[in-house]
There are 2 protein chains.
Amino acid sequence: MEKKAKQRRKQILKAAFQAAIEKGYESVTLQDIANYADVSKGVTNYYFKNKSDVFTQLFEWLTTRIHEKEAASISEHETAVKKLEAYLNCVFSSPEENKNFYRVYLDFLAQVKNNDSYKEINLKFYENCWSIGRDIIHQGLKEGIFEVDDVEQTSISIRCMIDGSLIQWLMRDDDQLHEYYRTNCFESILKILQYKK
Amino acid sequence: MEKKAKQRRKQILKAAFQAAIEKGYESVTLQDIANYADVSKGVTNYYFKNKSDVFTQLFEWLTTRIHEKEAASISEHETAVKKLEAYLNCVFSSPEENKNFYRVYLDFLAQVKNNDSYKEINLKFYENCWSIGRDIIHQGLKEGIFEVDDVEQTSISIRCMIDGSLIQWLMRDDDQLHEYYRTNCFESILKILQYKK
DNA sequence: CATTTTATACTGACCGGTCAATTTATTTTG
DNA sequence: CAAAATAAATTGACCGGTCAGTATAAAATG
């Protein structure tokens, strides 16, 4: 009963995500969500307060899932450079998966200014990102391979570099450049960390 | 005659910009544009093919204007570091002006995936940005203060850093952080350029 | 059979674009 | 140069269509 409801909710969230990928956030209708979820139109309003409630929960779900994935991947490695590499391999997963997540994420970002819930969710996501950055920096400092004045500031810079790279790659919309932007991002971050072998 | 038409078009573009600042790209209606321009609803369709034509021209106008401003500001300085500083002072002008332009710009970016004209306009904008980066790098190399392997790649990284910083600042929506993100961006770029006094 | 869940039909609000009518500007003409 | 004719610009009512949300009916569940 309760379990089935949870399942339905996830099914609808996934449908909303798929619809957003293919139609773009703003033009997704309740009918689209129903179609992608293979249910009738009324169902969405039965399980969610309204459309914006669906998207708020979708945004939260997506950012949480991404962070968990990244954190898990990083914890599998020991050295700072390996961790950073794992981080970027998550962020730049595959061109397809990447495009899907990041296009929708960008749609959400564009809405942050009109929606305080989105703002809050994104801030939480940022904090998670910065935390990953900090961990990598601390590890590198312990290894004596990074030279960093201000850990907080540098972890912010890392995320700036990542977001900027992803957006630029996305806007150029060329799968071939995916690898290029990943390594470029990697090398630039190493310079920001003043990495020396 | 022809001049008056041009004036009207600009008036409508400005109104559309103002409407987008305050209401967000997607929710701007023809009526909004008319209200902000202080004309009646039919006027926009008289001077533009349709609504999307208005926004395409607005996007082009905004990005061109920004680049001209930046290029002009940079050419006023001689040394690489001064040029970079001038560049970032343009990019991070004032919190208010910044927010207005960049919020609307972000709206456009989110639409790029659905609109090839936007994609093309943004690519042109990127090329202008990279060109500014290249100029600064070449100047710094001539001065012997930067250490850069690949000029192209580095100019791309500079723009990544700038876009990432602006977006993160925008999302945190705290005017006090404006200065912080500017200097952080500046220092990170200097590290990417491996600047040494 | 009562409660929960799903399907369908409906409503009212809103929006982009059109267009006939009107106003304003420009040109022609006697 | 003034009146008439023409062209350009502006207005706002209106139409077709879409969509979120609701109401109601039907079906499934237990």
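These numbers were taken from a predicted model, which means no experiment stands behind them. A note on names: the letters A, B, ... follow the listed sequences, proteins ahead of strands, and every chain is numbered from 1.
Partners of Asp175(A) by side chain to side chain donor-acceptor pair (under 3.5 Å), not counting sequence neighbours, listed by chain and number: Lys99(A).
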Show me the donor-acceptor pairs within less than 3.5 Å that the side chains of residues 117-125 of chain A make with the rest of the protein, sequence neighbours left out.
unit_1: Tyr118(A); atom_1: OH; unit_2: Tyr25(A); atom_2: OH; d: 2.8
unit_1: Asn122(A); atom_1: OD1; unit_2: Tyr105(A); atom_2: OH; d: 2.7
unit_1: Lys124(A); atom_1: NZ; unit_2: Glu60(A); atom_2: OE2; d: 2.9

With a 3.5 Å cut-off and sequence neighbours excluded, list the donor-acceptor pairs that the side chains of residues 65-73 of chain A form with protein atoms.
unit_1: Lys69(A); atom_1: NZ; unit_2: Glu97(A); atom_2: OE2; d: 2.8

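No side-chain donor from either of Arg8(B) and Tyr46(B) sits under 3.5 Å from a side-chain acceptor of the other. Remark: the Glu187(A) side chain and the Gln153(B) side chain contain an N/O donor-acceptor pair separated by less than 3.5 Å. Checking Gln7(B) against Gln11(B) by side-chain atom types alone, no donor-acceptor pair falls below 3.5 Å. Between Gln111(B) and Glu26(B), the side chains place a donor N or O and an acceptor N or O closer than 3.5 Å (distance only, hydrogens not considered). At a cut-off of 3.5 Å, with distance as the only test, a side-chain donor of Thr29(B) or Asp32(B) sits close to an acceptor on the other residue.
Each end of the helix from dC1(C)-dG30(D) to dG30(C)-dC1(D) yields a helix axis from five base pairs, and these two axes differ in direction by 10° (to the nearest 10 degrees).
Classification of Asp107(B) and Arg103(B) as a salt-bridged pair fails, no side-chain N sitting under 4.0 Å from a carboxylate O. By the 4.0 Å N-to-carboxylate-O rule, Glu152(B) lies close enough to Arg134(B) to be salt-bridged with it.
In this structure, NZ of Lys6(A) is placed 15 Å from P of dT5(C), rounded to the nearest angstrom. Look at CD on Gln7(B): it is 11 Å from P on dT10(D), rounded to the nearest Å. In this structure, the NZ atom of Lys4(B) is 18 Å from the P atom of dA7(D), given to the nearest Å. The interatomic distance linking Gln11(A) (CD) with dT6(C) (C1') rounds to 12 Å, in whole Å. Residue Gln31(B) contributes atom CD, which lies 9 Å from atom P of dG16(C) at whole-angstrom precision.
Gly24(A) approaches Lys113(B) most closely through the heavy-atom pair CA-CE, 4.0 Å.
Near DNA chain D, defined here as any heavy-atom distance below 4.0 Å, the residues from residues 23-30 of chain A are Val28(A), Thr29(A), Leu30(A), listed numerically. Near DNA chain D, defined here as any heavy-atom distance below 4.0 Å, the residues from residues 33-55 of chain A are Lys41(A), Asn45(A), Asn50(A), Lys51(A), listed numerically.
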